[in-house]
Amino acid sequence: MSDYALRTATAEDVDAFSRVIRDAFAVPAAPDPSDSIRTVIELPRYLVIEHSGQVVASAGAFTRDLAVPGGVLPAAHVTAVSVAATHTRKGLLRRMMTHQLGEVPEAVAVLWASEGRIYQRFGYGLAAQNVTYRIDRREVSLRVPAAAGTLRQAAPADVVEELAEVYDRALPGRPGWSSRNTTWWAHLTKDPEQQRDGYTAKRAVLFENPAGVVDGYARYKVRGEWNDHGPEHEVNVLEVVAATPVAYAELWRFLLRIDLSRKVVLGLGSVEEPLFHLVDEPRHLRGKVGDGLWVRIVDLPRALTSRKYAAPVDVVMEVTDALLAQNAGTWRLRVGAGGALVTCTRVDAAPDVTLDVADLGAAYLGGTRLGTLALNGRVTEHRPGAAAALSTAFGWSVAPVSIEIF
């Protein structure tokens, strides 16, 4: 491995590692210097591996906050992990991922996985699932009556401040959502025509309550399709963000009634999407479940004391971690009434449960039950009732979901 040099990326590497990433993910187009993704790249947080003067691997991270049960905390948003096809099976991925975990200043790291089997090797646990809904809108209607309010349509880039205000209001109560600064909003709302792939320009619809306050918005685009019998348009919903239940319902009422459309697709929905309980025929939402956000605990005591819990608990955990020795060992987690008074300290005591750091990552956002992991043997219980108590405490009232692939 001496002929493979691992280093921090520089501005001169962007085209090179962009090409490695595109080749790895079979993106046909060449790197585009005008692509807005370049505006959010943080070069000090990107690693590259160089071989014979060429960049052959990369791994990066974004500095963003993550909503967790009861709050928001900094999290390394891992991205751009790739190895050139001619240099795979040489340990380059493990070298980058291990180095990255050793350098991450945040208590947790999160990522979207191209293949789950890759990142479980590095201690990531499946913390949130996502559902793709392909709705037959002719078969679905809202059961709730229409509420007072006003809908207003605009180009997303023209109403960024209003979108951001609603998003920031909703963020703390949505585990799995990521913070967005001005640069991220500019990236997300950029809409070059060459990247539309047959869809219209991106659109935004905002819901204003009777007092004139914007309580929600939806971003979407439409693809026109026709057959021998008439229109078959598809409405592709990028996200629905609502600070109130009324706004959520009225935005979906609008999306399900767009003229000439027959299909409404939401690609990044929750396993507990509220829409499921608003419509008269939920089976026609036609959801397909897949993995979503993966979480890696980097600093165990800091991570566990940075979220709230659903119930009091006092449990001694034996945690294994093959990559970060500072996480391994026996820890006592104590949560007081209301789930707020949390301590997590090393102890020399017999464990109540044994589990891997990946299992803690899976449970961290409240979406994966430790009790379920105990049923398949990933959590071992030594004191009767300990796994159930820990599982209850880690749960949360809202299922986690990530509504943005980064």
Side-chain angles (χ1 to χ4, degrees), residues 8-9 37 39-47 59-81 96-113 119 122-128 164-165 167-188 241 292-309 319 321 323-324 326-327 331 333 335 339-344 357-358 360-368 394 396 398 400-406:
T8 302
I37 189 63
T39 65
V40 295
I41 290 174
E42 301 174 46
L43 288 173
R45 303 204 69 172
Y46 272 61
L47 299 170
F62 299 121
T63 303
R64 303 178 70 178
D65 293 339
L66 179 74
V68 301
V72 178
L73 79 159
H77 285 56
V78 176
T79 187
V81 180
M96 289 189 300
M97 297 303 291
T98 302
H99 182 89
Q100 184 184 64
L101 286 173
E103 298 292 321
V104 164
E106 297 94 342
V108 300
V110 295
L111 56 74
W112 282 83
Y119 297 98
F122 305 111
Y124 284 86
L126 178 54
E165 191 278 332
Y167 188 89
D168 289 345
R169 285 168 58 194
L171 173 68
R174 305 295 197 279
W177 286 21
S178 301
S179 65
R180 298 172 178 175
N181 60 21
T182 302
T183 305
W184 268 99
W185 275 109
H187 165 58
L188 291 172
V241 174
L293 207 60
W294 295 74
V295 170
R296 211 303 179 183
I297 303 295
V298 179
D299 183 329
L300 188 146
R302 185 152 56 103
L304 297 193
T305 55
S306 294
R307 56 153 290 178
K308 290 188 176 180
Y309 294 82
V319 179
D321 190 331
L323 294 181
L324 298 177
Q326 68 268 26
N327 288 336
W331 301 87
L333 178 68
V335 179
L341 300 176
V342 182
T343 61
C344 184
V357 71
L360 283 177
Y364 189 70
L365 297 180
T368 300
F394 267 89
W396 201 244
V398 178
V401 65
S402 179
I403 61 173
E404 172 196 339
I405 298 176
F406 49 85

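None of the values given here were measured: they were computed from a predicted structure.
- Proximity of a side-chain donor or acceptor of Arg174 to a complementary backbone N or O of Ala67 within less than 3.5 Å is not detected.
- Annotation: the span from Tyr46 atom OH to Met96 atom CE amounts to 12.0 Å, rounded to 0.5 Å.
- In terms of modelled atom types and a separation under 3.5 Å, the side chain of Thr368 and the main chain of Leu126 share a donor-acceptor contact.
- Exactly one of Val357, Leu324, Leu323 qualifies for a side-chain contact (heavy atoms from CB on, under 4.5 Å) with Val298. That residue is Leu324.
- For the pairing with Arg64, the side chain to side chain donor-acceptor pair (under 3.5 Å) check across Glu106, Glu404, His77 returns one residue only, Glu404.
- One finds the CG atom of Leu300 at 8.5 Å from the CG atom of Asp321 (value rounded to the nearest 0.5 Å).
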What verdict does the ring pair (Phe, Tyr, Trp, His ring centres under 6.0 Å) test give for Trp184 and Phe406, after you've listed the backbone C-alpha separation in whole Å, the side-chain angles of each residue and the deciding distance to 0.1 Å? CA-CA 10 Å; Trp184 268 99; Phe406 49 85; 7.7 Å; no
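- The shortest heavy-atom contact between Ala303 and Val108 is CB-CG1, 3.7 Å.
- Across every non-hydrogen atom of Pro105 and Arg302, the tightest pair is O-NH2, 2.8 Å.
- If you look at Trp185 and Tyr167, their ring centroids are closer than 6.0 Å.
- Judged purely by distance below 3.5 Å, without hydrogens or angles, the side chains of Thr63 and Glu42 pair a donor atom with an acceptor atom.
- Formation of a donor-acceptor pair under 3.5 Å by the Tyr124 side chain with backbone atoms of Ala113 is not found in this model.
- Looking only at distances, no side-chain donor or acceptor of Asp65 sits under 3.5 Å from a matching main-chain atom of Ser179.
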